[in-house]
Q: 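To start, I am sharing the structure in question, which I have written as structure tokens.
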Amino acid sequence: MREKVRVLISEEEVEAKIREIAAVISHEYEGKSVHLVCVLKGGVFFTCELAKRITVPVSLDFMSVSSYGDDTKSSGVVKIVKDLDEPLEGKDVLVVEDIIDSGRTLSYLLENLKSRNPASLRLCTLLDKPERRVRPVKVDYCCFEIPDEFVVGYGLDYAQKYRNLPFVGAVELD
């Protein structure tokens with residue numbers, strides 16, 4: 001089976017929306033600093049581009065989580081593979097994710113981070129698939145709501161390929 005990638009959201013559209021969301025975040029955090037928590041691996045491209053455009057002071061940390069299950073769906077059991085390097089207590093935390101799908105992983109992650117006593121905790125995602133949600137997740141900043149298609153690019157992968165595409169594409173299998 002071979003795959004083709006169809007452009008779903010162009011590079012220009014992605015860049016414009018990131019600038020727009022960064023301006024909103026900068027305004028809402030005015031007079032404060034924001035601590036970005038990047039969810040690896042997919043979130044790194046979006047996090048870096050977003051951070052460059054936020055005008056308030058930014059600090060950054062990384063976290064990697066894994067959701068166990070079979071190849072097609074998560075079991076809902078989440079494991080922290082790489083935890084944060086710094087404590088969150090008293091910080092204004094913004095979790096940055098590439099895509100929110102079922103909500104299982106993010107629901108768990110947000111509860112975990114909330115228990116670490118940040119001053120505030122918000123969620124920013126490049127892509128959201130709300131029709132696939134099985135666990136409620138409050139998304140504070142969303143660049144794009146997308147249909148239920150398998151997407152790649154801008155950090156998202158298919159078998160570890162396509163993360164480096166500068167646009168968001170839908171995978172079509174031949």
Q: Excluding sequence neighbours, so at least two apart, what forms side chain to side chain contact (heavy atoms under 4.5 Å, CB included) with V134?
A: S102, R104
Q: Of all residues at least two apart in sequence or in a different chain, which pass the salt bridge (charged side-chain N to carboxylate O under 4.0 Å, His left out) check with D85?
A: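 Partners of D85 by the salt bridge (charged side-chain N to carboxylate O under 4.0 Å, His left out) criterion, ordered by chain and then number, come out as K82.
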Q: What residues form a side chain to side chain contact (heavy atoms under 4.5 Å, CB included) with Q160, not counting sequence neighbours?
A: K41, D157, R163
Q: If hydrophobic clusters are built by linking Ile, Leu, Val, Met, Phe, Trp and Tyr wherever their side-chain heavy atoms come under 4.5 Å apart, do I146 and L165 end up in the same one?
A: no
Q: Any Lys/Arg nitrogen of E172 or R6 sitting under 4.0 Å from an Asp/Glu carboxylate oxygen of the other?
A: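 The answer is yes: the pair qualifies as a salt bridge.
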Q: With sequence neighbours excluded, tell me which residues meet side chain to side chain donor-acceptor pair (under 3.5 Å) with K91.
A: E86
Q: Which residues pass the salt bridge (charged side-chain N to carboxylate O under 4.0 Å, His left out) test with R53, sequence neighbours left out?
A: E49
Q: Between V65 and V81, is there a side-chain heavy-atom distance shorter than 4.5 Å?
A: no
Q: Distance from L94 atom CG to L50 atom CG, nearest 0.5 Å?
A: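 That separation rounds to 7.0 Å.
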Q: Side chain to side chain donor-acceptor pair (under 3.5 Å) with D61: which residues, sequence neighbours excluded?
A: none
Q: Taking side chain to side chain contact (heavy atoms under 4.5 Å, CB included) as the test, write out the residues that go with E28, two or more places apart.
A: V24, R122, Y141
Q: For D128, which residues count as a salt bridge (charged side-chain N to carboxylate O under 4.0 Å, His left out) partner, sequence neighbours excluded?
A: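 Per chain and number, D128 pairs via salt bridge (charged side-chain N to carboxylate O under 4.0 Å, His left out) with R133.
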Q: Does a side-chain heavy-atom distance below 4.5 Å link V37 with V96?
A: no
Q: Any idea which heavy atoms bring G90 and A119 closest together, and the distance?
A: O-CB, 3.4 Å
Q: Which heavy atom in I21 sits nearest to a heavy atom in C124, and how many Å separate them?
A: CG2-SG, 4.0 Å
Q: So how far is it from S64 OG to D83 CG, rounded to the nearest 0.5 Å?
A: 10.5 Å
Q: Restricting to side chain to side chain contact (heavy atoms under 4.5 Å, CB included), what partner residues turn up for P87, sequence neighbours left out?
A: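 Applying side chain to side chain contact (heavy atoms under 4.5 Å, CB included) to P87 gives none.
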Q: To the nearest 0.5 Å, what is the distance between CG (L126) and OH (Y154)?
A: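 Nearest 0.5 Å value for the CG-OH distance: 7.5 Å.
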Q: What residue pairs, at least two apart or across chains, pass ring-ring contact (aromatic ring centres under 6.0 Å, His included) with a residue in residues 17-52?
A: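 The answer is none; no pair qualifies.
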Q: Partners of K17 by side chain to side chain donor-acceptor pair (under 3.5 Å), sequence neighbours excluded?
A: E20
Q: For side-chain contact (heavy atoms from CB on, under 4.5 Å), just list the numbers for S107 and V137, CA-CA rounded to whole Å, side-chain angles, deciding distance to a tenth of an Å, and then say yes or no.
A: CA-CA 6 Å; S107 175; V137 175; 4.3 Å; yes
Q: Between V152 and V5, is any pair of side-chain heavy atoms under 4.5 Å apart?
A: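 Yes, side chains in contact.
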Q: Listed by chain and number, what are the side chain to side chain donor-acceptor pair (under 3.5 Å) partners of S26, not counting sequence neighbours?
A: T55
Q: Do L113 and M63 have side chains that get closer than 4.5 Å, going by heavy atoms?
A: yes
Q: Compare every heavy atom of S120 with every heavy atom of D92, then report the nearest pair and how far apart it is.
A: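 Heavy atoms of D92 and S120 come nearest at OD1-OG, 2.6 Å.
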Q: Is there a chain of hydrophobic side chains (I, L, V, M, F, W, Y, each step under 4.5 Å between heavy atoms) that links L88 to L36?
A: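 Not linked; separate clusters.
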Q: Rounded to the nearest 0.5 Å, how far apart are SG of C142 and CD1 of I100?
A: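 Answer for the SG-CD1 pair, C142 versus I100, is 7.0 Å.
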Q: Could you check whether any side-chain heavy atom of L110 comes within less than 4.5 Å of a side-chain heavy atom of L121, counting everything from C-beta outward?
A: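 Yes - at least one pair of side-chain heavy atoms lies under 4.5 Å apart.
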Q: Which value, rounded to the nearest 0.5 Å, describes the distance between E30 atom CD and I25 atom CD1?
A: 14.0 Å
Q: L84, L60: one ILVMFWY side-chain cluster at the under-4.5 Å cut-off?
A: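 They do not share one cluster, since no chain of ILVMFWY contacts under 4.5 Å joins L84 to L60.
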Q: Less than 4.5 Å apart, side chain to side chain, heavy atoms only: is that true for I9 and L127?
A: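 Answer yes - side chains close enough.
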Q: Evaluate side-chain contact (heavy atoms from CB on, under 4.5 Å) for V168 paired with V14, printing each intermediate quantity in order.
A: CA-CA 8 Å; V168 175; V14 172; 4.2 Å; yes
Q: If Ile, Leu, Val, Met, Phe, Trp and Tyr residues are connected whenever their side-chain heavy atoms lie under 4.5 Å apart, and connections chain through other members, are Y162 and F144 in the same group?
A: no
Q: Give me the atom names and distance for the closest heavy-atom approach of I99 to L156.
A: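 Distance-wise, the nearest heavy atoms are CG2-CD2, 3.4 Å.
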Q: Quick check: do E13 and F167 have side-chain heavy atoms less than 4.5 Å from each other?
A: no
Q: Hey, are E145 and K129 close enough for a salt bridge, meaning a charged N less than 4.0 Å from a carboxylate O?
A: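 Salt bridge absent between E145 and K129.
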Q: Nearest 0.5 Å please: distance from the OG1 atom of T47 over to the CG atom of D98.
A: 8.5 Å
Q: Are any of the side-chain heavy atoms of Y108 and L106 separated by less than 4.5 Å?
A: no
Q: In terms of hydrophobic clusters joined by side-chain contacts under 4.5 Å, are V93 and V139 together?
A: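 Yes, V93 and V139 fall within the same hydrophobic cluster.
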Q: At their closest point, which heavy atom of E149 faces which heavy atom of A170, and how far apart are they?
A: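 Between these two residues, the closest heavy atoms are OE1-CB, 3.4 Å.
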